[in-house]
K.L.:
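Mind having a look at this structure? Questions to follow.
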Amino acid sequence: MCGIVGAVAQRDIVGVLTEGLRRLEYRGYDSCGVAVLQHGAPRRVRSIERVANLAEQVEDARLSGTIGVAHTRWATHGAPITDNAHPIFSRDEIALVHNGIIENHEPLRDELKALGYAFESDTDTEVIAHLIHHTREEDASRDLLTAVQRALQRLRGAYAIAVFAKSEPDRVIGARAGSPLVVGMGERGNYLASDAMALSGTAEHFIFLEEGDIAVLSCNGVHIVDRDGATAHREVQAQHANHYATELGPYRHYMQKEIFEQPDVVADATERVRSITPALFGAKAQRAFSEIDSLLLLACGTSYYSALTAKYWFESIAGIPTQVEIASEYRYRESVVNPCAMVVVVSQSGETADTLAALKHAQEIGHHHTLAICNVPHSSMMRLTELHYSTGAGPEIGVASTKAFTTQLVALFVLALTLGKERGRVSTDDEAHALRQLHHLPAALNSVLALEPQIVAWAQALARKDHALFLGRGVHYPIALEGALKLKEISYVHAEAYPAGELKHGPLAIVTNEMPVITIAPNDTLLEKLKSNMQEVRARGGQLYVLADAGTKIESSDGVRVIQLPGHYGPLSPILHVVPLQLLAYHTACVRGTDVDKPRNLAKSVTVE
Ligand code: M6R
């Protein structure tokens, strides 16, 4: 989704802006642009192509300057055309970039038009630029900070902005409310970005702005005011060394790289769990866990599927009633509040607008105990919750979530064990056994990744299809859902997932000899039931692609292709079974020639509703 970079330095900052945008590309965008103050006037270059193309145009235009703002736009209001690309100007005085949605843009637009402002774009953003311009004109001091403060008070919705004014050539102002914004401090300048990764190598220290903060950046320093206009002192954090490189290395795509990183990230995630203790979730966890009687998990997309998987663990291992809900549904419905239910938000980014809003809604209606399970340590969700657990997968660049999912599952499994132990349902022996299983997971993942050549063969066949069905039962049903989402998302093959027992209640009608039916077949207590469901598919000519654990005695035959996994891995089996499905989606997309890391219409971090 939209990405912001801003800079003020004692040197030309154009390279910092374009490199920052390049690093934000993974968020998804359909246009981009850069504006700098050059020879006393704002100049901009905008493009509806990729950042690499923008960088060439910037060079051709000989853009240079010591202050500037830049943006990748994921269209919401107005088509992805050059006129709607940011930076947006107001009367050649104000240059502004924006992430988020301004809900009251229509009345503001009418008001500004009546004041004589001509609108050149269809964006809600243009309203902010003109409003700042107008507010500044009205104020005798013509101070940009005052104008930004006053203008922002009139906005409803979510935003992060970066703005500069022609007549204040030494500062860039950033503000956030509902969308992330980080300040980066370097030796020769200060910077703004939607994501610290955009400034890696440029800034050494970071301040993660709080809701309502406005940051004034000059070469000499950073001044932050809070939503009440008071000077705010925010924690300065050193850049976190991350050994998961953000470069592609030998891989063709980030998604492929991230799939193959899973043994390492899972090793890191399990390594730090030497014993099962509430302290893993924060200092307040012990007390909080003793006060709750149920869980309410809120998430979107792939994170929702990890939460759904974990429901099976929470109920079977910890015996704690668990409800899992799609965040965008929960936030708008009238729910019955159980103040003893702990709200658990699960998110890779920690910034997903729907999950964030669902969390705030839960807090407003009376949920006291909250836990965030996130991959981004300083994200909004991590800062808004009582308890936190960082999944530690490192940067995930591919839009399709892979390693974030498996590490979420590890975190949720550890939570299930912790709650089970606290509730007297996990014995010392159980704990030791579970820890052994967790610590052996990286080796097990490696043996599943070794199946790639067989999956490539399946992908060749699947790439010629328009539809696919995914089947699973029990704790593997959410894994079937995740497999179908992965396939849709990056290969554009229409896919649906069903609990295998549900097939005969409707979906069997679409099974013909043209329909691939990808089936997850762990060697668990539901195996014989699943085998019957597979017979139902074969009897209608359906083409079975079965991921079978060793020992299931499911063999390849006419219309039945089998890839054999290692022996059944107990409750952690979903973490192994999802990997071939990730590879299947990946290779199908490669055969179909889609843009794997940046699938059409999608963004990595969905920071608007
Ligand atoms: O950052 P989050 O985990 O909150 O994101 C939630 C979804 O947008 C995300 O999982 C999405 O479904 C992925 N693109 C799926 O691969």
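Start at 1 and go down the list; that is how both ligands and their atoms are numbered. The residues of the chain are indexed from 1 along the displayed sequence.
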K.L.:
Got a salt bridge between Glu211 and Lys360, using NZ or NE/NH1/NH2 to carboxylate O under 4.0 Å?
P.N.:
yes
K.L.:
Sub-3.5 Å donor-acceptor pair from the side chain of Tyr492 to the main-chain atoms of Arg600, do we have one?
P.N.:
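Looks like yes, one N/O pair under 3.5 Å.
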K.L.:
Will you find, in the side chains of Gln408 and Ser303, an N or O donor that is under 3.5 Å from an N or O acceptor?
P.N.:
yes
K.L.:
Within the 3.5 Å criterion, strictly below it, is a donor on Glu325 or Gln323 matched to an acceptor on the partner's side chain?
P.N.:
yes
K.L.:
Does a donor on one side chain sit under 3.5 Å from an acceptor on the other, for Thr72 and Glu25?
P.N.:
no
K.L.:
Considering only N or O atoms, set out every pair between ligand 1 and the protein closer than 3.5 Å, with distances to one decimal place.
P.N.:
from: ligand 1; atom 1: 1 (O); to: Ser347; atom 2: OG; distance (Å): 3.4
from: ligand 1; atom 1: 1 (O); to: Gln348; atom 2: N; distance (Å): 3.4
from: ligand 1; atom 1: 1 (O); to: Ser349; atom 2: N; distance (Å): 2.9
from: ligand 1; atom 1: 1 (O); to: Ser349; atom 2: OG; distance (Å): 2.7
from: ligand 1; atom 1: 1 (O); to: Thr352; atom 2: OG1; distance (Å): 3.2
from: ligand 1; atom 1: 3 (O); to: Ser303; atom 2: OG; distance (Å): 2.6
from: ligand 1; atom 1: 3 (O); to: Gln348; atom 2: N; distance (Å): 2.7
from: ligand 1; atom 1: 4 (O); to: Ser347; atom 2: OG; distance (Å): 2.6
from: ligand 1; atom 1: 4 (O); to: Thr352; atom 2: OG1; distance (Å): 2.5
from: ligand 1; atom 1: 5 (O); to: Thr352; atom 2: OG1; distance (Å): 3.4
from: ligand 1; atom 1: 10 (O); to: Thr302; atom 2: N; distance (Å): 3.1
from: ligand 1; atom 1: 12 (O); to: Thr302; atom 2: N; distance (Å): 3.3
from: ligand 1; atom 1: 14 (N); to: Val399; atom 2: O; distance (Å): 3.0
from: ligand 1; atom 1: 14 (N); to: Glu489; atom 2: OE2; distance (Å): 2.4
from: ligand 1; atom 1: 16 (O); to: Thr302; atom 2: OG1; distance (Å): 3.3
from: ligand 1; atom 1: 16 (O); to: Ser401; atom 2: N; distance (Å): 2.8
from: ligand 1; atom 1: 16 (O); to: Lys486; atom 2: NZ; distance (Å): 3.0
from: ligand 1; atom 1: 16 (O); to: Glu489; atom 2: OE1; distance (Å): 2.8
from: ligand 1; atom 1: 16 (O); to: Glu489; atom 2: OE2; distance (Å): 3.0

K.L.:
Could you tell me if His494 and His467 have a donor-acceptor pair between their side chains, going purely by distance under 3.5 Å?
P.N.:
yes
